[in-house]
Amino acid sequence: MNEPTIFPALEIPETLAAGPGPGNTDPRVLAAFARTGLADHMQADVLRGMIECKQMLRQVWGTRNTYTYGVGGTGFSGLDCMLGAILPGDSVVAFVNGTFSGIDGLTIRMKAATREELRANALDPQAASVTVVTVPHGESVTGEIVEKVLAEKKPKWAFMAHWETGSGRVNDLRGFSEACERHGAMGLVDAVSSLGIADFSIDDYPGVVGWASCPQKGVLCLPLTYAPVSFTDRYIAEVRANGCASYVHNPVLEARHWGVVEGKDVAAGSYHRTHSGYAVAAFHEALRLTLQQGIAQKARDYAFHEKALKDAVTAMGCTVTSNMTSLVVLNLPASLAGREKELVQGARARGFGIWPTLSEPVQVRIGILNQLSQAAITEIVTRFGAGLNEMGAGIDMDRVREGLARHYQTAIAAE
Ligand SMILES: *Cc1c(COP(=O)(O)O)cnc(C)c1O
């Protein structure tokens, strides 16, 4: 018998996660996770917690959709559930302008592909019924682009990311929803990066029938919990009529555990799979926190602090190409162009988690999820500037920090 290999206990340090996600989970949420007792998934308080989460989630999404709940897992788990209504041969138009909508486009092609198409290229099928419209990195999907393609293709489904985190771009949700309505397409939206950061109510976008988000960005509940989803009655009717090739990610069946049965709220959920009381408690606290801070206030705070960061990196000679309020995507000063990965690796080695873009062109991404204070933004700016200077940028960081301090003083004076 070989000796078993047992590693030392795993220790993971606290870092400054200043990337596109995950954001720093609030200590209140971690405390809720840790103080929860062992209770099975049918225990009364666990079930009550799930029903209360469902009700709070409707407020966070701004919706009356009965089918609003969390899918256990990451953002792509919620997206998989939402995209599960797409069946082989379905006509779909997917708008892609970066890494994440690109992966969503791949999921859509996998689901819409026929058996022959899937066999021909199992990991990257080209489905004849899917049109992928690629918008260049760094640009937004506009209402005009959506209108033109939907008018021509008249697809059953249309897909877009609300905020494309790969390139840091906000896409035109209003234009997308209206084009879907005009051309009879059922809109599906990846709202992974916008929920809990942007101030929007999904019921204001009637062309969109399905929405999916994630636990770790705006909702700030990383102890792997729930990906929020919401579906209109029209979407649910579609799944009821045509089915979905999944038990666990079935949008109708998955809702039962959250107390949604036959289109109605019921007093307590029924077994679908083993939910974790720890995860439910953490998610519950994250939603309470979000509602206490207020969606509109959070959106204003993100916009305010993102502007401070954007002005500071611009003063360092960087060029910002993003317009999301939780993330700055930038080109380095010309003298450092091509050294993005080196910069990011050096920062990571010091516990400062910034990111490159994951698709071409290579840019640097700095995020501010749950870093909404002058002290936090100043720390991010200082660390980023130190990294650039180590590579020889020669930036006068005192001047940059003075500019940053002025941004905050002016804002406080204006209040
Ligand atoms: C982060 C992100 C995802 C993936 O989320 P995971 O939690 O990593 O599964 C999908 N879409 C967008 C727009 C994202 O920003």
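These values consider heavy atoms only, across backbone and side chains, with no hydrogens, waters or symmetry-generated copies. First listed ligand is number 1; within each ligand, the first listed atom is number 1.
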Looking only at protein heavy atoms, identify the closest one to [atom] and say how far it is in Å.
atom                    : value
atom 6 (P) of ligand 1  : Gly75 N, 3.4 Å
atom 2 (C) of ligand 1  : Lys217 NZ, 2.5 Å
atom 4 (C) of ligand 1  : Phe76 CE1, 3.4 Å
atom 8 (O) of ligand 1  : Gln216 NE2, 3.8 Å
atom 15 (O) of ligand 1 : Thr165 OG1, 2.3 Å
atom 3 (C) of ligand 1  : Phe100 CD2, 3.4 Å
atom 9 (O) of ligand 1  : Thr74 OG1, 2.7 Å
atom 11 (N) of ligand 1 : Asp190 OD2, 2.7 Å

Check your understanding: So, His272 versus Glu254: side-chain donor-acceptor pair below 3.5 Å or not?
Key ->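 A pair is found: one side chain offers a donor N or O, the other an acceptor, under 3.5 Å apart.
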
Practice item. Return yes if a side-chain donor-acceptor contact under 3.5 Å exists between Gln374 and His305, otherwise no. Key: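 Short answer, no.
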
Practice item. Could you list which atoms of ligand 1 come closer than 4.0 Å to a heavy atom of Ser193? Key: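 Contacts of ligand 1 toward Ser193, numbered from 1: 15 (O).
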
Exercise for review: For Trp163, counting its heavy atoms only, list the atoms of ligand 1 lying under 4.0 Å from any of them.
Suggested key: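 Contacts of ligand 1 toward Trp163, numbered from 1: 13 (C).
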
Exercise for review: Could you tell me whether Gln292 atom CD has more than 12 heavy atoms of other residues or ligands within 6.0 Å of it?
Suggested key: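 Enclosed: over 12 neighbouring heavy atoms sit under 6.0 Å from CD of Gln292.
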
Check your understanding: Does even one non-hydrogen atom of Glu164 get within less than 4.0 Å of ligand 1?
Key ->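 No; Glu164 lies far enough from ligand 1 that no heavy-atom distance drops under 4.0 Å.
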
Check your understanding: Would the His257 and Tyr69 ring centres measure less than 6.0 Å apart?
Key ->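 No, the ring of His257 stays outside the 6.0 Å limit from the ring of Tyr69, centre to centre.
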
Check your understanding: When the aromatic ring centroids of Phe304 and Tyr408 are compared, is their separation below 6.0 Å?
Key ->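 Aromatic pair counts; centres sit under 6.0 Å.
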
**Study point:** Carboxylate-amine/guanidinium contact Lys54 Asp265, below 4.0 Å
**Key:**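 Counted as a salt bridge, because a side-chain N and a carboxylate O are separated by less than 4.0 Å.
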
Check your understanding: What's the shortest heavy-atom distance between Ala296 and Asp199, and which atoms?
Key ->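 So the two residues come closest at CB-OD2, 3.5 Å.
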
Check your understanding: Parallel, tilted or perpendicular for Tyr226 and Trp258, by the 30°/60° rule?
Key ->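 Geometry flag for Trp258 against Tyr226: perpendicular rings.
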
